[in-house]
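As the structure is a computational prediction, the values presented were derived from the model and not from experiment.
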Amino acid sequence: MATDTIEHTDRLGRLGAGFAVAVPVAIFLVLAGYLHGRISGTPGVAYPWIVLGAFAVLGAAALAVVSLPAAVLAMALVVILLLAVSLVIIYRRAP
């Protein structure tokens, strides 16, 4: 989808392509965060941050109106920042 949009062979607009990338990423973040908390025995430790990160990824999709590569880069940076924040929270709470 992203490649088709860049090459102008798409039938979906830039914003639609941005959300086509962002929605699966946001869903994955929320579900993986929930499952990780249940499996690791630390439910809810970083979950509010994960949900906030999912909304930030959806917000980054709006950048696709200007540039789809910039939107994908912004989504990647949000995920990287979310991972860093989650790790800091988890390691600070570790005994």
Side-chain angles (χ1 to χ4, degrees):
M1 186 57 58
T3 305
D4 289 343
T5 302
I6 291 172
E7 293 177 358
H8 304 292
T9 59
D10 61 327
R11 295 201 169 110
L12 185 63
R14 289 182 184 177
L15 187 60
F19 280 107
V21 175
V23 169
V25 171
I27 291 170
F28 173 79
L29 285 175
V30 170
L31 292 178
Y34 174 76
L35 291 174
H36 182 266
R38 302 270 298 168
I39 291 170
S40 69
T42 57
V45 172
Y47 197 68
W49 289 101
I50 292 170
V51 172
L52 183 64
F55 280 115
V57 166
L58 292 174
L63 283 175
V65 173
V66 177
S67 169
L68 186 60
V72 173
L73 177 63
M75 290 177 218
L77 293 175
V78 167
V79 171
I80 290 167
L81 181 63
L82 177 63
L83 177 63
V85 167
S86 297
L87 289 174
V88 167
I89 290 171
I90 290 169
Y91 284 116
R92 282 190 178 173
R93 292 190 179 196

Could I get the full list of side chain to side chain contact (heavy atoms under 4.5 Å, CB included) partners for [X], not counting sequence neighbours?
| X | value |
| --- | --- |
| F28 | A32 |
| L73 | L77 |
| V78 | A56, V57 |

Identified side-chain contact (heavy atoms from CB on, under 4.5 Å) counterpart of I27 within the set V25, L29, V23, V30: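 Of V25, L29, V23, V30, side-chain contact (heavy atoms from CB on, under 4.5 Å) with I27 is met by V23 alone.
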Which pair of heavy atoms, one from [X] and one from [Y], lies closest together, and at what distance?
| X | Y | answer |
| --- | --- | --- |
| L63 | A70 | CD1-O, 4.2 Å |
| V21 | M75 | CG1-SD, 3.8 Å |
| A22 | A61 | CB-CB, 3.6 Å |
| A71 | A60 | CB-O, 3.5 Å |

Would you compute the distance between atom CZ of R92 and atom CG of L87 and round it to the nearest 0.5 angstrom? 12.5 Å
Verify same cluster id: V85, V88 (apolar side-chain graph, 4.5 Å): no
